[in-house]
Amino acid sequence: MPELPEVETIRRTLQNGADEQPSLLGMRIVQAYLNWERTLAVPQATEFYTRIAGQIIQEIGRRGKYLVFRLNPDYLLVHLRMSGDLRLERQNQPEQPHDRLALDFDSGWRLAFNDPRKFGRAWLVEDPQIVLSGLGPEPLGDEFTAAWLEDELQRRHRQLKPLLLDQSFIAGLGNIYTDEALHRARLHPLIPADQVTAEEAGRLWESIRVVLLEGIQRQGASIDWVYRGGDFQNYFGVYQRTGQPCPVCGTPIERLVVGQRGTHICPNCQPI
DNA sequence: ACGAGCGCCTGTCGGC
DNA sequence: TGCCGACAGGCGCTCG
């Protein structure tokens, strides 16, 4: 379930707490568990256990689709990939199927990293830049301006959709929000970046931000069996709406494959 | 530089 | 009912 709005929703919940759960801030890690070795990218499991014990959650940040837990002195980074999720629960709760990694705190709470498909990863590092250095700008940050986007598009010849999905170009967009942003901007996913006009680039810039902000406002999208409580899925214009009418013009939504990813467009609003 | 293909994994769904 | 392929919110790697 992880694109920028979903990861941001998880970050806010862990940082601020929610109805039935406290904020993680200030909690001290007393023990770590690893059920699937490959979930931990670095360091080795034995070093991980001894190094993370005793560290305290100082801050919970986000960069692109990465959650960044500032400890002391290390950083714990988590990427949920396709099916990852984080659960905060009491330590007397039973382990769930597909729990891959867990942290027990001095408060009696446990943070569990559940990930059926095992694509998710965690890193314990001194410096988060070791993991994050290749990422492009934050689409909701100050660096990401319409002028920047227009300029960068002019310098590339890639198809729009694979370019927007490239985390080294912009950090945080995934399949859902890319399809939604392109639809809102009335741009076909296969258009070469350098053929996008200044006006179209401005539309795309605005669309990316609006779609991400709406996703965050609706606490993300909940799809399939991975449910988190967000309801942005009820407001999709094109994503997973093949055959249904475009909310703008009523034309049936079409599905195509772009860069091996299922892609949804309105053929009327998004001509090639 | 860029795109296609594939690997990593498990689960769900639709068609036969 | 059971089997089988297609597909899934991601990304890193090869190979042209």
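Numbers restart at 1 for each chain; the letters A, B, ... are given by sequence-line order, proteins then strands. Quick caveat: nothing in here was measured; it's all calculated off a predicted structure.
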Sequence neighbours left out, cut at 3.5 Å: what donor-acceptor pairs do the side chains of residues 180-188 of chain A make with other protein atoms?
unit_1: A:E180; atom_1: OE1; unit_2: A:G237; atom_2: N; d: 2.8
unit_1: A:E180; atom_1: OE2; unit_2: A:G237; atom_2: N; d: 3.2
unit_1: A:E180; atom_1: OE2; unit_2: A:V238; atom_2: N; d: 3.1
unit_1: A:E180; atom_1: OE2; unit_2: A:Y239; atom_2: N; d: 2.8
unit_1: A:R184; atom_1: NH1; unit_2: A:E206; atom_2: OE1; d: 3.3
unit_1: A:H188; atom_1: ND1; unit_2: A:L190; atom_2: N; d: 3.0

Under the salt bridge (charged side-chain N to carboxylate O under 4.0 Å, His left out) test, residues paired with A:R87 that sit two or more places apart: A:E89, A:D99
OP1 or OP2 of C:dG10 under 4.0 Å from side-chain N/O of A:Q167: no
A:E254: side-chain contact (heavy atoms from CB on, under 4.5 Å) partners, not counting sequence neighbours: A:I265, A:P267
Would you measure the distance from the P atom in C:dC7 across to the matching atom in B:dA4 and give it in whole Å? 16 Å
Each nucleotide N or O in nucleotides 3-7 of chain B that has a protein N or O under 3.5 Å away: list the pair and distance.
unit_1: B:dG3; atom_1: OP1; unit_2: A:Q159; atom_2: N; d: 2.8
unit_1: B:dG3; atom_1: OP2; unit_2: A:R158; atom_2: NE; d: 2.9
unit_1: B:dG5; atom_1: N7; unit_2: A:Q260; atom_2: NE2; d: 2.9

First locate atom CG of A:L165, then atom CG of A:L160, and finally report the distance between them rounded to the nearest 0.5 Å. 11.0 Å
Taking all atoms of both residues into account, what is the closest heavy-atom pair of A:A32 and A:L103, and its distance? CB-CD2, 3.7 Å
Nearest-Å distance, CG (A:L80) to P (B:dC9)? 17 Å
Should A:H98 be listed as having a side-chain N or O under 4.0 Å from OP1 or OP2 of B:dG11? yes
Using whole Å, what does the distance between atom C1' of nucleotide C:dA8 and atom CG of A:D179 come to? 13 Å
Is there a side-chain contact between A:Y177 and the phosphate of C:dG9, meaning an N or O under 4.0 Å from OP1 or OP2? no
Check the distance between B:dC13's P and A:I223's CD1 and give it to me in whole angstrom. 13 Å
Respond yes when some side-chain nitrogen or oxygen of A:K65 is under 4.0 Å from OP1 or OP2 of C:dG10, and no when none is. yes
Contacts of A:R51 meeting salt bridge (charged side-chain N to carboxylate O under 4.0 Å, His left out) (sequence neighbours excluded), chain-then-number -> A:E47, A:D74
Under 5.5 Å between ring centres and under 30° between planes: does that hold for A:F119 against the base of C:dC11? no
Spacing between A:R156 atom CZ and B:dA1 atom P, to the nearest angstrom: 9 Å
Contacts of type side-chain contact (heavy atoms from CB on, under 4.5 Å), residue A:H79, not counting sequence neighbours: A:K65, A:Y66, A:R81, A:W123
Same-atom distance (P) from C:dG5 to B:dG7, integer angstrom: 15 Å
With rounding to the closest Å, how many angstrom separate the P atoms on B:dC9 and C:dC3? 25 Å
Using atom P in both nucleotides, what's the gap between B:dG5 and C:dA6 to the nearest angstrom? 14 Å
Sorted by chain and residue number, the side-chain contact (heavy atoms from CB on, under 4.5 Å) partners of A:P245 (sequence neighbours excluded) come out as A:R241
All stems with DNA chain C, defined as three or more consecutive Watson-Crick or G-U pairs under 3.5 Å: B:2-8 with C:10-16, B:10-16 with C:2-8
Between A:L149 and A:A201, the two heavy atoms sitting closest are CD2-O, 3.7 Å
Take atom CG of A:D115 and atom P of C:dG9, then tell me their distance rounded to the nearest Å. 15 Å
Using a cut-off of 4.0 Å on non-hydrogen atoms, how would the nucleic acid contact of A:R121 be classed: base, sugar-phosphate, or nothing? nothing
Figure out the CD/C1' separation between A:E6 and C:dA8, and round it to whole Å. 14 Å
Could you tell me the separation between the CG atom of A:L160 and the C1' atom of B:dC2, rounded to a whole number of Å? 14 Å
For A:A53, which residues count as a side-chain contact (heavy atoms from CB on, under 4.5 Å) partner, sequence neighbours excluded? none
So does A:R261 get a side-chain nitrogen or oxygen closer than 4.0 Å to the phosphate oxygens (OP1/OP2) of C:dC7? no
B:dT10, OP1 or OP2 - any side-chain N/O from A:K118 closer than 4.0 Å? yes
Value in whole Å for how far the P atom of B:dT10 lies from CG of A:N114: 13 Å
